[in-house]
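Shown next, in structure tokens, is the structure this report addresses.
None of these values were measured; they are calculated from a predicted model.
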Amino acid sequence: MLRAILAVAEEGTMTGAAKVLGTSQPTISRLIRAAEEVAGDYLFWRDETGFTPSEFCESLIAEARDIRDALRRASLKVAGEQPGLEGRVRVTASVFVTTHILPPILADIRAKYPSIRLDVVATDSTENLLFHEADIALRMYRPTQLDTVTVHLGDLPLGLYASRSFIETNGMPTSVDDLRDHGMVGYDRDDRIIRAMREMGMLVTRNWFTVTTDDQVAYWQFVLAGCGVGVGQGVVAERSPDVVQVMPELELPSLPVWLTAHQRLRHQPRVAAVWEMLADGVGGVCG
């Protein structure tokens with residue numbers, strides 16, 4: 001409960017708190033309500049700008065921060081003092097990267113370091129390194145958390161792809177109008193594809209999308225199945241013999257890949273070993 005209270009106080013919204021803690025807004029709301037029932041008083045005043053801590057809540061925040069910081073220091077100390085190339089290393093990455101890029105790299109790590117156990121968190125939420133929710137994180141954006149070591153591994157090229165069966169049925173798109181007429185696989189609530197293509201001068205609307213999903217693993221499966229033209233990572237498409245690139249002359253933005261860890265753990269032997277192999281393996285597939 002204290003983490004939820006502190007996150008809402010610092011972020012000002014339930015949604016922001018949920019993002020920081022890697023959970024859902026309803027879960028944060030339930031925790032705050034439960035805490036208010038236990039305390040017998042309001043913790044936040046709610047208005048159109050967000051959540052403002054009540055006077056009672058303000059009295060808790062300093063103590064909550066002290067408890068959080070103490071737990072963080074204790075967790076990092078315990079993790080950092082475990083010696084040798086053995087023990088557990090917790091790695092987090094997006095569901096898509098975990099599914100399509102990490103498996104052979106993780107297998108190589110296990111073959112080279114059989115005494116290291118890997119806990120892999122496949123999630124599109126942000127795992128908090130400062131709370132030791134992960135030892136190493138792979139991100140598609142530059143992390144901004146304090147007390148972390150971050151390295152840019154490179155960029156993953158993106159392109160437009162379609163299944164061979166889709167092309168055989170509908171023909172190969174050669175223009176923006178063809179993309180609209182053929183139909184595309186798009187995101188549902190996520191507007192990144194629309195924004196990116198508009199920045200390239202294409203007046204894309206949601207009506208261009210014949211099938212949508214915000215689950216990126218499912219998205220790629222829809223492209224493979226022939227549901228329409230879709231955006232894909234080049235390295236994954238190259239491993240998929242049943243897809244072909246569409247309009248390769250279009251230069252889509254690349255995805256930056258960052259490797260990050262807490263600075264206290266970065267050079268701990270087992271974490272360092274996994275870090276180096278992740279850097280080599282993932283960096284090797286980046287453009």
Side-chain angles (χ1 to χ4, degrees), residues 2-4 6-7 10 17-24 27 65 67-156 216-217 255-286:
L2 280 177
R3 289 181 63 193
L6 192 54
E10 292 179 340
K19 184 176 181 180
V20 167
L21 297 181
T23 186
S24 66
T27 297
R65 287 197 177 104
I67 293 171
R68 178 188 65 183
D69 293 343
L71 288 173
R72 185 183 71 189
R73 289 192 298 270
S75 176
L76 291 172
K77 183 177 180 181
V78 170
E81 289 180 354
Q82 293 180 13
L85 291 173
E86 59 183 23
R88 312 200 76 87
V89 176
R90 194 171 183 84
V91 178
T92 184
S94 72
V95 177
F96 190 87
V97 167
T98 302
T99 302
H100 290 285
I101 294 179
L102 286 190
I105 299 171
L106 299 179
D108 288 344
I109 294 172
R110 287 287 304 126
K112 185 171 182 178
Y113 301 110
S115 294
I116 293 178
R117 302 291 187 262
L118 299 170
D119 298 321
V120 182
V121 183
T123 177
D124 295 322
S125 299
T126 300
E127 295 295 290
N128 195 323
L129 297 175
L130 300 186
F131 281 114
H132 200 210
E133 292 170 349
D135 299 312
I136 301 174
L138 277 166
R139 304 283 195 229
M140 300 303 176
Y141 56 88
R142 183 168 189 167
T144 58
Q145 286 184 322
L146 298 175
D147 303 323
T148 57
V149 178
T150 300
V151 174
H152 180 216
L153 298 182
D155 301 290
L156 291 171
Q216 297 197 16
V217 173
L255 285 175
V257 183
W258 298 83
L259 192 64
T260 186
H262 193 283
Q263 64 185 15
R264 183 160 185 168
L265 298 182
R266 164 65 183 88
H267 297 291
Q268 198 278 338
R270 69 181 185 282
V271 174
V274 175
W275 170 287
E276 295 300 332
M277 292 196 70
L278 284 173
D280 289 344
V282 178
V285 303
C286 291

Keeping the roles fixed (side chain from [X], backbone from [Y]), state whether a donor-acceptor pair exists under 3.5 Å.
{"X": "T92", "Y": "V121", "value": "yes"}
{"X": "D124", "Y": "S94", "value": "no"}
{"X": "T148", "Y": "A261", "value": "no"}
{"X": "R142", "Y": "V257", "value": "no"}

* Please determine which of I105, I109, L106 meets the side chain to side chain contact (heavy atoms under 4.5 Å, CB included) test together with V274. =>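 Passing option: I109.
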
Is any side-chain heavy atom of [Y] closer than 4.5 Å to one of [X]?
{"X": "L259", "Y": "L138", "result": "yes"}
{"X": "V97", "Y": "M140", "result": "yes"}
{"X": "T98", "Y": "V91", "result": "no"}

To check you understand the geometry: which heavy-atom pair defines the closest contact between [X] and [Y], and what is its length?
{"X": "I136", "Y": "W275", "result": "CD1-N, 3.7 Å"}
{"X": "M277", "Y": "Y113", "result": "SD-CE1, 3.6 Å"}
{"X": "F96", "Y": "Q216", "result": "CD1-O, 3.5 Å"}
{"X": "P114", "Y": "R117", "result": "O-NH1, 2.7 Å"}
{"X": "S24", "Y": "A18", "result": "C-CB, 3.6 Å"}

Can you tell me how far [atom2] of [Y] sits from [atom1] of [X], rounded to the nearest 0.5 angstrom?
{"X": "E86", "Y": "I116", "atom1": "CD", "atom2": "CD1", "result": "9.0 Å"}
{"X": "R88", "Y": "S115", "atom1": "CZ", "atom2": "OG", "result": "12.0 Å"}
{"X": "D108", "Y": "L102", "atom1": "CG", "atom2": "CG", "result": "11.5 Å"}
{"X": "I101", "Y": "L156", "atom1": "CD1", "atom2": "CG", "result": "5.0 Å"}
{"X": "D135", "Y": "Q268", "atom1": "CG", "atom2": "CD", "result": "8.5 Å"}

